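What follows is a short report on a single structure.
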Amino acid sequence: MTDIRADIASDEPETGEAGFGDFVQLLKPRVMSLVVFTALVGVLVAPVRLHPVEVLAAIIFIALGAGASGALNMWWDADIDRLMKRTAKRPIPAGTVAPGEALGLGLSLSGLSVIMLGLAANWLAAGLLAFTVFFYAVVYTMWLKRSTPQNIVIGGAAGAFPPMIGWVVATGHIGVEAVLMFALIFMWTPPHFWSLALFMNSDYSKARVPMLTVTHGRAVTRANILGYTLALVPVALGTGFTAIGGPIYLAVAIALNAVFVLGAWRIWCRHEAEAEADGYRTEKRFFTFSLAYLFGHFAAFLVEATPWAAMLRGQFGLWGA
Amino acid sequence: MMAITRDHELHKRRLGRNVGVGLALVAFIMLVFGLTVAKVQRGGSVEGYDHGYRPGMDPAAQETTRGEE
């Protein structure tokens, strides 16, 4: 008896024999890295110190939960992922992982991550993680994504939860700082994704995903990018006056927001012909900068959590000693 | 006739997957073990609550008793 399969040399997709890396791809490692970073910041800036192993475990379980929701997203969206250039090489449309395997991995990792986070940290954090997985997989992926141009506005909440979960892991409750970190990512998501949609519009049209660029056109999307970018400014700067902020954060936030608003203004001023002529250079730059924008804010939170920054903060009356 | 060899691409992929899953499991076990050690170290008088309450092993109860004396 051998384990040689008759279909090895056929043109059929080789599902059921995926490599380990294919399963890792299902967990959206790039998104996971952002989740790890923001959740870690949430834990480290909280006023309660945890054992390093507890921090490590909590971050791993939060990342696993995020990965699980990514796998469920790929399972549900396999039909439209096949149509879009950006997602056609994902494991399911590429034929390396069977849809059932992705569903199984997503469901089992969701359960494992939530239960383990509850045991490692606390059940409020685990509940928030469970809600995040549900929100991303069911509310965003299965419902909003294909039904409304506000999909990424509301769905953005799923990506905004990790720092709040991190904060709850350390403190056991949801503080105002956790809400502000959530709000920062929530308000940042629309300009980030809509700038991507501006130069990836054909992909979304082909897959009939009702992104704002598809339903209302690029001019409206440009105006919305500017609107959300302006609305983001008070959230980003206001956070600087809370316990997790300080003069360093505020300086970084002012600089980053000035560049971000300028980029959004440029996008708003541009005509479609101009953008097509230079291959959407301004939009692509804005999209790339949006990643640096978020990273910069959270890195500044981390700096503010160091003893050196606390000493500096003590010299300014606004933040106290 | 083609020989059945163990180094077919399929076998390499399976080996990679098995090694990956194995390493992930080892990492998970180490993490749970580390977490247990960290929690027990921080847990204080765990022995005082071993199956039933044992006041003799609970520093807080000892303090109270000394105070009453």
Side-chain angles (χ1 to χ4, degrees), chain A residues 1-10 12-27 29 48-64 67-68 91 94-98 101 104-105 108-109 111-113 115-122 169-170, chain B:
Chain A
M1 192 173 136
T2 72
D3 61 351
I4 295 175
R5 286 170 20 177
D7 63 343
I8 280 177
S10 77
E12 291 293 309
E14 291 180 23
T15 49
E17 288 296 348
F20 189 71
D22 296 318
F23 288 109
V24 173
Q25 286 307 311
L26 271 184
L27 309 183
V48 180
R49 293 276 81 88
L50 294 178
H51 192 286
V53 179
E54 287 180 294
V55 175
L56 177 72
I59 297 303
I60 287 174
F61 298 136
I62 294 170
L64 273 185
T96 51
V97 173
E101 290 175 323
L105 184 74
S108 50
L109 280 186
L112 180 81
S113 59
I115 291 169
M116 288 309 298
L117 186 65
L119 294 170
N122 57 68
V169 161
Chain B
M1 197 176 115
M2 198 176 78
I4 300 172
T5 56
R6 289 183 59 80
D7 57 351
H8 187 278
E9 199 272 330
L10 181 75
H11 293 106
K12 282 182 187 166
R13 223 179 319 148
R14 278 185 191 167
L15 177 70
R17 193 173 63 191
N18 293 341
V19 169
V21 171
L23 289 176
L25 282 173
V26 169
F28 181 69
I29 291 163
M30 285 169 63
L31 186 65
V32 172
F33 179 70
L35 197 58
T36 308
V37 172
K39 281 192 174 288
V40 168
Q41 276 178 350
R42 218 173 46 127
S45 54
V46 182
E47 286 179 316
Y49 301 90
D50 187 13
H51 295 286
Y53 182 51
R54 298 160 69 193
M57 302 295 286
D58 184 357
Q62 293 292 309
E63 267 313 300
T64 314
T65 314
R66 263 184 233 122
E68 283 169 0
E69 284 168 4

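Given the structure is predicted, the values throughout are model-derived calculations rather than measurements. Chain letters run A, B, ... following the sequence lines, proteins first and then strands; every chain starts at 1.
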Could you give me the CA-CA distance, side-chain angles and deciding distance for B:V32 and A:M116, then say whether side-chain contact (heavy atoms from CB on, under 4.5 Å) is met? CA-CA 9 Å; B:V32 172; A:M116 288 309 298; 3.8 Å; yes
Tell me, with the steps shown, if B:F28 and A:L112 meet side-chain contact (heavy atoms from CB on, under 4.5 Å). CA-CA 11 Å; B:F28 181 69; A:L112 180 81; 4.2 Å; yes
Check B:V21, B:N18, B:V19, B:L23 against A:F20 for a side chain to side chain contact (heavy atoms under 4.5 Å, CB included) and give me the one that passes. B:V21
What part of A:L64 lies closer than 4.5 angstrom to a heavy atom of chain B: side chain, backbone, both or neither?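 Neither the backbone nor the side chain of A:L64 comes within 4.5 Å of chain B.
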Could you report the tightest heavy-atom contact between [X] and [Y], atom names first, then the distance?
X: A:V53; Y: B:G34; result: CG1-C, 3.5 Å
X: B:R13; Y: A:A18; result: CD-C, 4.2 Å
X: A:F23; Y: B:R17; result: CE1-CD, 3.7 Å

Show every side chain to side chain donor-acceptor pair (under 3.5 Å) that has at least one partner inside residues 52-63 of chain A, sequence neighbours left out.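 Passing the test, one end in residues 52-63 of chain A: A:E54-B:K39, A:E54-B:R42.
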Step-by-step side-chain contact (heavy atoms from CB on, under 4.5 Å) determination, B:L31 to A:I60: CA-CA 9 Å; B:L31 186 65; A:I60 287 174; 4.0 Å; yes
